[in-house]
Structure formats: structure tokens, C-alpha cells
Amino acid sequence: MNFTLITGASKGIGAALAVRCAQEGMPLLLVARSADLLETLAQDLRTTYRVEVVTVGMDLLETFAVRKLYNYCVENDYKVRVLVNNAGLASWGEFEHIPLEDQLNIIRLNQTVMVEMCYRFVPMLKEMPYAHILNVASTAAYQPVPYFSVFAAAKTFIVSFSRSLRIELKKKKINVSCVCPGPTETDFFEKAGFEKFGNAGYKMKPEEVAAAAIRGMINRKAIIIPGFSNRLGSFFSKHLPTSWAARFIAGYFKP
Ligand SMILES: NC(=O)c1ccc[n+]([C@@H]2O[C@H](COP(=O)([O-])OP(=O)(O)OC[C@H]3O[C@@H](n4cnc5c(N)ncnc54)[C@H](OP(=O)(O)O)[C@@H]3O)[C@@H](O)[C@H]2O)c1
């Protein structure tokens, strides 16, 4: 049996991706810190869609976490065919006032953990037919976002890395896609500290983001931007002078 491994699957976009994959009949290996939330979701998916679901309660920021996760898969003969790097976090505010450790954790989870996941699982993916890597970035990748500065830069890294890896892994028959959601109805903005201050405006539902992401991945798209307004915004961000886009966005997020 081959599995779809989804990080950050306990809630939000990750949980919606798990539901979408279960609807496609894909066996799942779900990872996040909240073991109880994962198990509740898994029970629901097993009963509703009759798919195999394995849960792993794990903090991916702990030392050797990715190596332990990989070894756990090998020891249990869980062959991963689809790798979804979704776990992520953000902090909103003035750079100098956000605790350094919080900022470094954004980089660690979005970049270091994601790169290590790809590195460790590629040899296993290479052995699988129709293998995919789906990395979750953001429309924030398309321009600097003052007051979400580290998050936006980390997501730019994911887009660039995914595009490069896509070309390198094509000859190994592994598809690499990158999904760039815009504002989505999850705990994201509240956890980042922004919700207390303002509203991020129109938000897509995580189910809509997940449906677009999985459809795009199956169709082997390089970059998936769910939602027309997000595609339009990203188009302008790519074509306007970067300094204009950054100044415009700064006005929106300024504390
Ligand atoms: N929502 C948006 O507006 C938006 C927009 C663009 C991009 N994104 C991206 O979409 C992805 C999912 O975000 P979301 O909106 O669904 O946020 P969310 O509701 O806060 O979910 C984040 C997920 O990541 C997991 N996670 C966080 N830290 C972890 C750690 N150290 N180890 C393991 N798992 C961890 C969380 O589970 P536990 O807390 O149980 O560990 C949760 O399942 C992220 O990469 C985010 O950057 C979101």
C-alpha cells in the first residue's frame, strides 16, 4: 500500500487536503503535534471513505524529527508515494518586536523541515509510480510583505526551491507542484497575531484551496494559485515594480 503523507494535517488547509485525498481513495499518513485532533479526523475518514489512515503526533521542529518520521515509515513499511509539505506558521508585526525564536521557527518549519522532508523521502518516491511532492507556499511569495516579512521571504524560498526541484526530479518521474493559497479561513491569521488587529479581507474556504491543490497536483501543474482574485493579485505583484507592491501591502498590514 502506498501513502500520501501530509504534514500539518490536524486542522486548516492540511485537514482539508486529507479529506480531499481520502475522497480520491488515497491511503493517508497524517502528521502534526495535536495527536488527538489527528485521530478524530482519521476516525472520520476511515468510516466515511473507507481508507487506511495512520496518524503520527509529532513536533516537526524537534531535533531529528524528520529523520525519526522517515525511519518510522521505513520500519513499518509505509511507502510514501505523495508527499505534501503543508505545516507552516507565521508571525505578524514589526520585525524588531517579534521574538527572534518565533521568526527562526518560521524559517525552520517552512524551509529547513520542508527541504529535509524532500531530501529524505525522494529515494522512496523514486521507487513509486506516479509520485508527487506538493509544497504549500503562499501568494505572499510574490512580493515582499512588510510586517509578515520573514513569512513572505520563507514562502518565496519554497516557490523557487519547488520550481528547481521540479526540473531535477522530472527525469526520476516525480512530479513537483507548489500551491500558493491566498487568505484562507483557518487559524492562521489568529495564530500569527493579526486577527486581533484587523481582518485579512476575503478568505477562501480550506476545502476550495485543497480541491484546487489536489486537482493541480494530479494534473502536474508547476504552480497552483487557487481562486481568481489570488491569481489576479499575483499577476499584478509579478508585473508591478516590487517597491510599489511592497509599499501598497505595507499600508494594509502596518500595525
Ligand atoms: N490560511 C492562510 O491564509 C494561508 C495563506 C497562505 C498560505 N498558507 C499556508 O498553508 C499552510 C497551512 O496553514 P493553515 O492556514 O492551514 O494554518 P493552521 O490552521 O494554523 O494549520 C497549521 C498546521 O500546521 C501544523 N503545525 C504547526 N506547527 C507544527 C510543528 N512544529 N510540527 C508539526 N505540525 C505543525 C498544525 O498542527 P498542530 O498545531 O497540531 O501541530 C496545523 O495542522 C501553511 O504552510 C501556511 O503557511 C495559509
Side-chain angles (χ1 to χ4, degrees), residues 5-20 28-42 55-66 68-69 84-92 101-102 104-114 116-117 134-143 145 148 150-159 161-162 178-195 198-210 212-213 223-227 229-231 233-234 237 249 252-253:
L5 190 166
I6 305 176
T7 66
S10 61
K11 53 184 96 120
I13 295 171
L17 286 165
V19 174
R20 190 71 203 95
L28 296 169
L29 212 156
L30 307 179
V31 185
R33 289 167 302 184
S34 315
D36 48 344
L37 287 183
L38 283 181
E39 201 39 52
T40 308
L41 173 65
T55 63
V56 183
M58 168 179 270
D59 184 344
L60 287 165
L61 286 175
E62 275 183 5
T63 319
F64 305 129
V66 177
K68 281 185 202 157
L69 178 61
V84 183
N85 290 305
N86 164 75
L89 66 133
S91 280
W92 165 78
E101 198 54 21
D102 291 359
L104 295 179
N105 279 343
I106 296 171
I107 297 171
R108 288 183 189 121
L109 194 56
N110 280 290
Q111 298 181 209
T112 314
V113 167
M114 191 214 37
E116 190 178 348
M117 288 289 289
L134 175 66
N135 291 328
V136 181
S138 165
T139 48
Y142 288 101
Q143 68 288 299
V145 183
F148 269 112
V150 172
F151 172 78
K155 293 302 194 185
T156 306
F157 172 95
I158 297 181
V159 172
F161 172 71
S162 303
C178 178
V179 58
C180 298
T184 308
E185 278 177 27
T186 68
D187 291 349
F188 173 86
F189 284 101
E190 198 187 328
K191 272 203 250 164
F194 182 69
E195 214 83 299
N199 191 304
Y202 170 75
K203 291 183 189 150
M204 282 181 81
K205 299 211 173 304
E207 295 75 19
E208 296 172 304
V209 172
I223 301 290
I224 304 146
I225 303 178
S229 57
N230 291 327
R231 283 195 290 280
S234 304
S237 292
I249 289 198
Y252 193 75
F253 286 117

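Whatever order the structure lists them in is the order used to number ligands and atoms, beginning at 1. Just so it is clear, the values below take in all heavy atoms, side chains as well, and ignore hydrogens, waters and symmetry mates.
- For ligand 1, the 4.0 Å heavy-atom shell contains residues G8, A9, S10, K11, G12, I13, A32, R33, S34, M58, D59, L60, L61, N86, A87, G88, L109, V136, A137, S138, F151, K155, P181, G182, P183, T184, T186, D187, F188, F189, K191.
- Screening I158, N110, V84 for a side-chain contact (heavy atoms from CB on, under 4.5 Å) with N135, the sole residue that qualifies is I158.
- Listed for the T184 side chain is no donor-acceptor partner under 3.5 Å among the backbone atoms of T186.
- Taking the side chain to side chain donor-acceptor pair (under 3.5 Å) definition, one finds that N230 meets it with nothing, sequence neighbours left out.
- In this structure Y142 satisfies the ring-ring contact (aromatic ring centres under 6.0 Å, His included) test with no other residue, sequence neighbours excluded.
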For residues 5-13, tabulate all N or O donor-acceptor pairs below 3.5 Å that involve a side-chain atom, not counting sequence neighbours.
residue : atom : partner : partner atom : Å
T7      : OG1  : N86     : N            : 2.9
T7      : OG1  : A87     : N            : 3.0

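- Taking the charged nitrogens against the carboxylate oxygens, E101 and R108 do have a contact shorter than 4.0 Å, which makes a salt bridge.
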